[in-house]
Visitor: 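Mind having a look at this structure? Questions to follow.
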Amino acid sequence: RRKIAQQLSNKIHAQRLKETISSCSKENQPTMTSATQSHQVKTTTVDGQGMWRAWKRGFTSNVLAFKDLIDNAVDAAFDDPSVKKENDDFIGRIHINPDVYQSTTTGICLQNNCLNSVASLEKVFVVYESSKVDSGADAVGENGVGLKQACAALSDLSFVLVKRANNQLSFGVIAESLQLQRGVRLPSFNLVDNGSLYVQLEAHLQKQEYADVRNCIARYGAIEVNDPPSFPVGMKRICEHFQSMNRRYVGHDLFQVIMDRIRHQSSKDDTVEQVDVHHEQKTRVHTLMRDIKKELPKTYLHIPENLYFLVGNDKLSFKHWPQRLVEFSSFTVKVNPNMGWNEGEIFRANDERHDNYELRIFCGFDADRATIPNSRKECMLHLHSRKSGRLICTDADARTKIHLPASGSDYSQGLTIIMDDLKGQLPLNPTKQGVAFGEERRGRVHEENLYQLVGAVVHYYYNLHLKKFKGKTQLMQQVCTFGDWANRDRHRQLKSCQESDLTTYRVTPKKVQRRIRVDSAEVSVGEDTLCLTVRTTASREKKRKSQTNAAAERRNAEPDLPTTKRRRRAAPGSLREAEASADEEEEVEEMRVPRRKAAKNPAAKRGEQAEKNGGGLETITMKKSDYEELLREKEKLQRRFDEADKLLAPILEGNRKLKAVNTALKADIKELKAINKALSKKRK
């Protein structure tokens, strides 16, 4: 035995010496393999508690944090109807509802089914690793932090439940109390749907390393404020959520997130008592659901009809902008992210290059925003990206950003611009609240090209409609006429932005000094665009037309529109019937119309001015129907004048007699004065 032990010790010593010599020789070698490098490189530890604090500060509101969770649900449940598949019976469903136990609201739940299979939670919980990095336009979430960051911003304790079509289940915990200084800890467990979920999960949690996870489940079992932590109640609630998932959407993978005890938007203002109070928690959950129901219809542009989006029991409809915008039109431009539009001698905006991408721009006038008192009427810019049309950011006054004049009421009147990055060419920041142009090599060039083209489109669109009404005041009045009707007209068949037949423009830009402007455009009128109506009759000009301009207008007038001449000043009641022509296309030479405003010329010069202008007449052009309506009104007025003359005839006769009596009395008075004067002379 001693000999055998000695031999074994000698072999072990020789083996260790050999390994030491080989490691030293490898260190002295100039080149090393990747496997050797991986063993030698020391990684930096990430503080899990510090990471959690950073996650809590990632969003400015609870609604924005919850939208990050909804983005993942939309990416999973979005079935593009334009893409043909073998199995087209999939119907996406996203359901948001409060987490209620025995009539007590303790949090909020988000559940959705998935078009494709869900990855394992071990992979889902890896921080800053995402399977959607190279998805392009298909997915919004691509940073591997949305689920974790949103849950941390909303609650200190969240659970993730996964049910797969093959009866495989997964359960994960995202909690602040689990985070360690030496790293982020997000435990997950794999289960089987065989009717013994409680036993399986309890068997996993019996291990000493999962004692803190048991404490999290026990906290979930404390319903009221004064209730102690209860592990059995928490397990019961989790098993009930798994059972409810089994009853819904059979045949598809399901994903559910449960957030317990929703925090206030500013977590520093919360105390433990405020978070745990039932009525306080119920108010916060219902307020969050109300805000989500209000914000989501304008957050996504291209949600298809086969995706059912339920908030509570209410189904959402994503037709916000087609309902609100007047003159809703679509433009298509080509943006180059690498070559500046003003670089070199060649004008490169909207040209055909291999690295260009198409950007769709929607323009319209927001009738509701134009009619709401004290609301901002300036040009508002919304940026949407990816195939779902997710809202990324909004600029309340984007005139300076898109290189347009920002003074006064120019480019206002409720003007709304929507940039639709349908192909996902713009890089987004992790919270989807802005564009990360700094990620690209020539990000500043990309940004300059983008907003120069958007400004050119907005400049063309606004001035096109401004010229119709000859002023911003008339344009504003016409937009405001749609304020109530656009929302109250329930008979109008609304469609999403993707399905609507809108007025479409294909523009050709040009260079004007240091800006891009539209040179020409091809227009295709759409049936679903609400159009602003232009006045049928021309408004009266403030300045008097000259004789030359009036003659030119008569020559250019259309032959089927009768023209009339009106006298500048006429006595009331002196209307004369116009000479009716046998031919409808013949001009009517004269029709006297009373003028409300008196002439400003002095009486001495009035006659000379009338002779110069052809007797004080000027020609105006009107439609045949308007002219016939004027004739009918004139006949009615003439009949009323005749009736008035009949009524006034006795009065005029009595007035004539009174005048005669008055004249006789004046003669008698004059004679009496003469007699009185003669008597006074005799007295003297």
Side-chain angles (χ1 to χ4, degrees), residues 297-299 301 319-333 359-384 389 391-421 450-487 497 500 502-507 509 512 515-518 521 523 525-526 528-534:
K298 56 185 177 182
T299 301
L301 288 179
K319 302 171 184 176
H320 178 78
W321 294 119
Q323 185 180 24
R324 291 172 64 102
L325 296 186
V326 185
E327 287 292 349
F328 196 17
S329 305
S330 173
F331 293 79
T332 302
V333 296
L359 177 73
R360 187 164 51 178
I361 304 172
F362 295 105
C363 300
F365 294 94
D366 192 345
D368 287 355
R369 187 158 60 94
T371 54
I372 296 176
N374 301 326
S375 64
R376 302 192 64 172
K377 311 296 191 298
E378 294 85 3
C379 175
M380 185 174 289
L381 177 65
H382 304 275
L383 172 60
H384 293 254
L391 176 63
I392 305 302
C393 58
T394 298
D395 290 306
D397 187 358
R399 293 178 292 182
T400 303
K401 190 172 187 177
I402 58 179
H403 309 284
L404 292 176
S407 61
S409 59
D410 293 336
Y411 302 96
S412 298
Q413 294 78 43
L415 182 62
T416 303
I417 311 301
I418 302 172
M419 297 166 54
D420 183 16
D421 179 28
L450 176 67
Y451 290 118
Q452 280 281 358
L453 285 171
V454 174
V457 168
V458 176
H459 176 270
Y460 170 79
Y461 175 83
Y462 181 77
N463 286 278
L464 176 67
H465 294 287
L466 188 64
K467 292 177 182 178
K468 293 181 181 179
F469 302 98
K470 300 180 181 179
K472 294 177 285 188
T473 303
Q474 295 182 14
L475 176 60
M476 185 68 173
Q477 292 174 354
Q478 291 296 320
V479 172
C480 290
T481 56
F482 288 87
D484 297 331
W485 179 81
N487 281 335
C497 295
S500 298
L502 304 177
T503 300
T504 306
Y505 296 82
R506 295 197 69 89
V507 297
V512 178
R515 295 285 182 266
I516 300 178
R517 290 295 179 257
V518 175
V523 186
V525 180
D528 297 330
T529 299
L530 289 177
C531 299
L532 297 172
T533 56
V534 185

Visitor: Would you mind reporting whether Y451 and M419 have side-chain heavy atoms less than 4.5 Å apart?
Guide: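 Yes; the side chains approach each other to less than 4.5 Å.
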Visitor: Is there side-chain contact between E327 and K468, with at least one heavy-atom pair below 4.5 Å?
Guide: yes
Visitor: Could you grab the distance from atom OG of S409 to atom CG of L415, nearest 0.5 Å is fine?
Guide: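 Going from OG on S409 over to CG on L415, the span is 12.0 Å.
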Visitor: Could you grab the distance from atom CD1 of I402 to atom CG of L453, nearest 0.5 Å is fine?
Guide: 11.5 Å
Visitor: With F328, which of S500, C531, C497 fulfils side chain to side chain contact (heavy atoms under 4.5 Å, CB included)?
Guide: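 Option passing the side chain to side chain contact (heavy atoms under 4.5 Å, CB included) with F328: C497.
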Visitor: Does some side-chain heavy atom of L532 sit less than 4.5 Å from a side-chain heavy atom of L475?
Guide: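 Yes, close enough: below the 4.5 Å cut-off.
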Visitor: Could you pull out the closest heavy-atom pair between T400 and A406, with the gap in Å?
Guide: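 Shortest heavy-atom separation between T400 and A406 comes out as OG1-CB, 3.7 Å.
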Visitor: Using a 4.5 Å cut-off on heavy atoms from C-beta on, say whether the side chain of H459 contacts that of Y411.
Guide: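 They are in contact (side-chain heavy atoms under 4.5 Å apart), so the answer is yes.
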Visitor: Side chains of Y505 and V518: does their closest heavy-atom pair fall under 4.5 Å?
Guide: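 No; the side chains remain at least 4.5 Å from each other.
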Visitor: I'd like to know if the side chain of R369 reaches the main chain of R376, judged simply by a donor and an acceptor atom lying under 3.5 Å from each other, with no hydrogens or angles considered.
Guide: yes
Visitor: Given M476 and K472, is the side-chain contact (heavy atoms from CB on, under 4.5 Å) satisfied, shown in steps?
Guide: CA-CA 6 Å; M476 185 68 173; K472 294 177 285 188; over 6 Å; no
Visitor: Quick one: closest heavy-atom pair of W321 and H384, and the distance?
Guide: NE1-NE2, 4.3 Å
Visitor: With a 4.5 Å cut-off on side-chain heavy atoms, are S375 and K377 touching?
Guide: yes
Visitor: So F482 and T371, do their side chains get closer than 4.5 Å, heavy atoms only?
Guide: no
Visitor: What distance do L404 atom CG and Y462 atom OH have between them, rounded to the nearest 0.5 Å?
Guide: 10.5 Å
Visitor: Between F365 and Y461, is the ring centroid distance below 6.0 Å?
Guide: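 Yes.
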Visitor: Can you see which heavy atom on P509 is nearest to which on I516, and at what distance?
Guide: CB-CG2, 3.7 Å
Visitor: Which heavy-atom pair separates R399 from D410 by the least distance, and what is that distance?
Guide: NH1-O, 2.7 Å
Visitor: Among T503, V507, T504, find the residue that satisfies the side chain to side chain contact (heavy atoms under 4.5 Å, CB included) test when tested with V523.
Guide: T503
Visitor: State the CD1-OG distance between I361 and S330, to the nearest 0.5 angstrom.
Guide: 9.0 Å
Visitor: In Å, rounded to the nearest 0.5 Å, how long is the span from CG of D366 to CD of Q323?
Guide: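 If I round to the nearest 0.5 Å, the distance is 10.5 Å.
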Visitor: Rounded at 0.5 Å granularity, tell me how far CG in D421 sits from CD1 in I392.
Guide: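 If we round to the nearest 0.5 Å, D421:CG and I392:CD1 are 8.5 Å apart.
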Visitor: Answer whether the closest heavy-atom distance between the side chains of V457 and C363 falls below 4.5 Å.
Guide: yes
